[in-house]
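Worksheet: one structure, shown below.
Letters A, B, ... are given to chains in the order of the sequence lines, protein chains preceding strands, and every chain is numbered from 1. Just so it is clear, the values below take in all heavy atoms, side chains as well, and ignore hydrogens, waters and symmetry mates.
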Number of protein chains: 2
Amino acid sequence: MHERELRAFVAIVEAGRMDHAATSLGYSQPAISYQIKCLEQQLGTRLFFRHPDGAQLTPEGAMVLPSARAVLALLDGIKELTGRADRSTAPVEHLRVAG
Amino acid sequence: MHERELRAFVAIVEAGRMDHAATSLGYSQPAISYQIKCLEQQLGTRLFFRHPDGAQLTPEGAMVLPSARAVLALLDGIKELTGRADRSTAPVEHLRVAG
DNA sequence: GGTGTTTACGTGGGGCGTAAGTATC
DNA sequence: GATACTTACGCCCCACGTAAACACC
């Protein structure tokens, strides 16, 4: 359960599609797919329904989402605490589901 | 800023010494030293004062500590949410120095 | 056939342990 | 000389991108 996986997770939620999330994070689609696969294996549950038109959050994924965002917010907070704030990477404060 | 680094960080705070923290986490001393080195480089600040009798938290480290613990608590919470609670790895709620 | 995701495969970087080095008492 | 941390070195595993395959419309 690494930071990258959680960022991939929320990015997919934002975009509704893995390939867009991959682009926004600077990865290839398979890399994002792999991240989510790893995350799902770690948690022992499915986080997304795979549909032909994109990826949709499962109930379990919806339960995880707030905590995932909180973790990312805390990590950004730690960076700010130590004077390493990085506002260019779109911190979680204004995150919302696309659409 | 990976989960392992944060666990190493709080373990050192608990133990007051890197080698004890390493033992409690099942790592060698150099591995823990490396983790903290990476964490300090990422944050651009010193987290511990290195003394001949152990490691002492810097003011910056003290600022980071609550957030680090919160992140670990959230990560444990995510595992619980998805039915993968693992109480055997000593979650942060009851952490204390052994003995 | 087009779109979106997954699997396969090869490569590069990171994290570990062991061993040697540095500093303080 | 003992204790605690750091640096050096080598190895293995993980994470990535490219390419091919699969599923659904």
What integer distance in Å separates B:Gln42:CD from C:dG15:P?
8 Å
Please report the distance, rounded to the nearest Å, between NE2 in A:His2 and P in D:dC13.
16 Å
Donor-acceptor pair, distance only, cut-off 3.5 Å: does the side chain of A:Thr23 make one with the backbone of A:Asp19?
yes
Pick the nucleotide of DNA chain C nearest each of B:Gln35 and A:Gln29; which residue has the one closer to the 5' end?
A:Gln29
Could you check A:Glu5 against A:Pro30 and say which one's nearest nucleotide on DNA chain D is further toward the 5' end?
A:Glu5
Euclidean distance, atom CE of residue A:Met18 to atom C1' of C:dT3 [Å, nearest integer]
14 Å
Just the rounded figure in Å: distance from P of D:dC16 to OH of A:Tyr27.
5 Å
When rounded to whole Å, the CZ to C1' distance for the pair B:Arg50 and D:dT3 reads 16 Å
Can you get from B:Tyr34 to B:Leu25 by hopping between Ile, Leu, Val, Met, Phe, Trp and Tyr side chains that sit under 4.5 Å apart?
no
For the pair made of CZ in B:Arg4 and P in D:dC14, what is the distance, rounded to whole Å?
9 Å
Rounded off to whole Å, could you give me the CD1-to-C1' distance for the B:Ile36 and C:dG15 pair?
14 Å
Of A:Gln29, A:Gln35, A:Arg50, the residue whose pairing with A:Met18 passes side-chain contact (heavy atoms from CB on, under 4.5 Å):
A:Arg50
The ring pair (Phe, Tyr, Trp, His ring centres under 6.0 Å) partners of B:His2 (sequence neighbours excluded) come to A:His2
What is the distance, rounded to the nearest whole Å, between atom CZ of A:Arg7 and atom P of D:dA15?
17 Å
Looking only at side-chain N and O atoms, does A:Ser28 come under 4.0 Å of OP1 or OP2 in D:dC16?
no
Closest approach to the side chain of B:Asp19, judged atom by atom: which nucleotide of D:dG17, C:dT6, D:dC5 is it?
D:dC5
Which of the following nucleotides, D:dC16, C:dT7, C:dC16, is nearest to the side chain of B:Tyr34?
C:dC16
